[in-house]
Number of protein chains: 2
Amino acid sequence: MATELQDFLEVIQQVDTFEGFQEATVGLRDLLNITHVVYHWVNSVGERFGAGTYSSDWVDRYLEKDYLRMDPVLFGCFQRFTPVNWKQLDWSSKAAKAFFRDALDHGVGNQGYTIPLRGPNGQFALLNLNHNATDDQWERFISRYERDLMIVAHEFNKKALSFDAPGEVQSGPALSPRETAAITLIARGLSRGQAAAEMGISEHTLRVYIESARHKLGAMNTTHAVARALSLGLIIV
Amino acid sequence: MATELQDFLEVIQQVDTFEGFQEATVGLRDLLNITHVVYHWVNSVGERFGAGTYSSDWVDRYLEKDYLRMDPVLFGCFQRFTPVNWKQLDWSSKAAKAFFRDALDHGVGNQGYTIPLRGPNGQFALLNLNHNATDDQWERFISRYERDLMIVAHEFNKKALSFDAPGEVQSGPALSPRETAAITLIARGLSRGQAAAEMGISEHTLRVYIESARHKLGAMNTTHAVARALSLGLIIV
DNA sequence: TTCTGCCTCGCCATTTATGGGGAGGGTGAA
DNA sequence: TTCACCCTCCCCATAAATGGCGAGGCAGAA
């Protein structure tokens with residue numbers, strides 16, 4: 001087991017260009033001896049990237065049909081933090097069933113396992129494993145590899161992040177304590193008047209903080225500023 | 001190594017009550033033979049919980065001094081997704097130095113390693129390891145255990161999540177596609193008019209979506225709704 | 001079938017936020 | 001010391017959001 005993990009990690013360590021992700025998924029697929037491996041991530045700017053072994057037919061169709069908006073795997077993983085066996089997801093809707101059938105028709109295996117990963121600044125990534133197998137076989141596969149795959153997924157994500165944000169921590173524009181406090185209260189739903197009262201200052205002063213924070217964050221309005229502050233991890237609601 | 005990991009996991013598996021986290025951190029500390037182990041998490045409602053081996057003196061002082069608002073460890077981890085050696089953090093500010101000195105005075109070791117974990121619904125957790133050691137010793141400790149600790153952290157978080165959200169996926173109030181789209185555009189800084197134009201509907205219709213989403217999210221105003229939707233992972237900006 | 005939820009649109013009045021302008025005192029860094 | 005940044009307060013006019021009223025059509029679930 002430990003030996004295998006080493007093999008997996010070697011494949012990932014070799015990724016040194018953006019295109020390398022593709023090769024890494026192929027390498028991982030061959031090592032695991034399964035049908036498909038796909039790594040998919042959304043960076044801090046909301047751009048989506050994918051690298052994997054799905055046929056280009058399927059990728060094209062996926063994009064064309066805008067499956068991103070209803071894929072139960074994506075949707076399910078967005079709501080959880082634990083890896084998920086596709087069988088556990090909600091495939092009950094008509095659209096989901098049609099999607100699954102369409103996927104099978106394009107060479108996607110009937111079993112899947114996905115590890116969701118989250119980072120700061122809204123980074124969100126998925127490592128998808130896909131195979132044709134019975135439920136039992138797939139369960140055995142998962143219980144054998146789940147630990148290793150967790151590590152693998154993290155290493156993948158580390159690589160992705162190193163391309164995405166070379167500085168690792170760009171930390172964005174720091175807000176002053178009062179600005180942070182003000183934005184936090186606003187994010188909690190208080191009106192400016194309430195927030196000012198809460199902070200024991202005049203509403204005008206509070207306004208100055210919000211405006212100042214807004215400018216630092218490059219936001220068009222207060223709501224945008226709150227969204228950015230949240231996404232950047234500058235505040236916690 | 002594999003044996004040790006089994007030991008670690010056994011400690012965590014035994015957690016069956018809320019209070020069990022405390023014992024688990026003690027168990028983990030003893031197995032790793034270090035000074036402190038602390039698990040800290042913020043649940044979906046923004047409540048904070050901690051379990052660990054820090055002295056109650058230090059915990060009290062930490063809360064009393066409101067160190068939460070400036071702790072470089074917390075702040076640093078909020079910005080990254082990779083585990084972090086405390087030495088890499090920014091301790092340059094006066095407040096940070098004072099905090100560090102205060103921590104040492106309360107029995108906190110000079111070296112630390114923290115694994116940040118994120119989940120859906122704004123869940124955010126930290127597994128802190130702390131010890132008295134030289135930089136070299138600590139580096140060796142980290143490189144020896146980092147893989148295992150990643151797994152351990154995930155198992156911890158899985159437990160925490162099972163207490164936090166017994167249903168595993170409460171998924172919150174689902175927004176309709178149009179509501180999601182509307183909230184997303186608003187979160188990106190568009191005004192209602194702009195967002196409506198973007199979606200090709202009347203401003204009034206867009207307002208209905210926002211209002212509807214606001215009610216579903218239990219938010220007091222649009223900004224609050226955006227903050228909640230973001231925290232719940234219902235939208236990505 | 002009935003009912004619920006979703007999508008679409010309109011008007012009204014009121015509250016709230018925004019975008020400018022100004023001012024003074026504090027603290028820490030160069 | 002000077003400069004920059006932070007904290008605090010005020011006024012004014014306009015733009016925008018909110019709350020509540022109404023309406024119809026269309027789909028899927030009970």
Contact check, residues 197-205 of chain B vs DNA chain C, heavy-atom distance under 4.0 Å, returns Ile201(B), Ser202(B), His204(B), Thr205(B)
Rounded to whole angstroms, how far apart are [atom1] on [X] and [atom2] on [N]?
X: Glu211(B); N: dC21(D); atom1: CD; atom2: P; value: 13 Å
X: Ile210(B); N: dG20(D); atom1: CD1; atom2: C1'; value: 18 Å
X: Asn221(A); N: dT16(C); atom1: CG; atom2: P; value: 18 Å
X: Lys97(B); N: dG28(C); atom1: NZ; atom2: C1'; value: 14 Å
X: Leu190(B); N: dA17(D); atom1: CG; atom2: P; value: 11 Å
X: Ile186(A); N: dA17(D); atom1: CD1; atom2: C1'; value: 14 Å
X: Leu206(A); N: dC6(D); atom1: CG; atom2: C1'; value: 15 Å
X: Leu175(B); N: dC6(C); atom1: CG; atom2: P; value: 10 Å

OP1 or OP2 of [N] versus the side-chain N and O atoms of [X]: is any pair under 4.0 Å?
X: Arg178(A); N: dT8(D); result: yes
X: Ser212(A); N: dC6(D); result: no
X: Lys216(A); N: dC6(D); result: yes

Check: dG19(D) base within 3.5 Å donor-acceptor of Arg207(B) side chain: yes
Is any N or O donor-acceptor pair between the side chain of Arg214(A) and the base of dG19(C) shorter than 3.5 Å? no
When you measure from the side chain of His224(B) to the backbone of Leu217(B), do you find a donor-acceptor pair of N or O atoms at a distance under 3.5 Å? no
Just by modelled atom types, is the Met220(B) backbone N or O under 3.5 Å from a matching donor or acceptor in the Arg214(B) side chain? yes
Could you pick out which residue, Ser191(A) or Val208(A), lies toward the 5' side of DNA chain C when each is mapped onto its nearest nucleotide? Ser191(A)
Which residue lies toward the 5' end of DNA chain C, His215(A) or Gly193(A), if each is placed at its nearest nucleotide? Gly193(A)
Please state whether the rings of Trp41(B) and Tyr39(B) are parallel, tilted or perpendicular, taking 30° and 60° as the class boundaries. tilted
On the 0 to 90° scale, with breaks at 30° and 60°, tag the Tyr67(B)-Tyr62(B) ring pair as parallel, tilted or perpendicular. perpendicular
From the candidates dC7(C), dA17(C), dC6(D), the one with an atom nearest any side-chain atom of Ser176(B) is dC7(C)
Close side-chain approach of Trp138(B) and Asn110(B), heavy atoms under 4.5 Å: no
Salt bridge (charged side-chain N to carboxylate O under 4.0 Å, His left out) contacts touching residues 133-143 of chain B (sequence neighbours left out): Lys87(B)-Asp135(B)
Shortest non-hydrogen contact from Ala196(B) to Leu206(B)? N-CD1, 3.5 Å
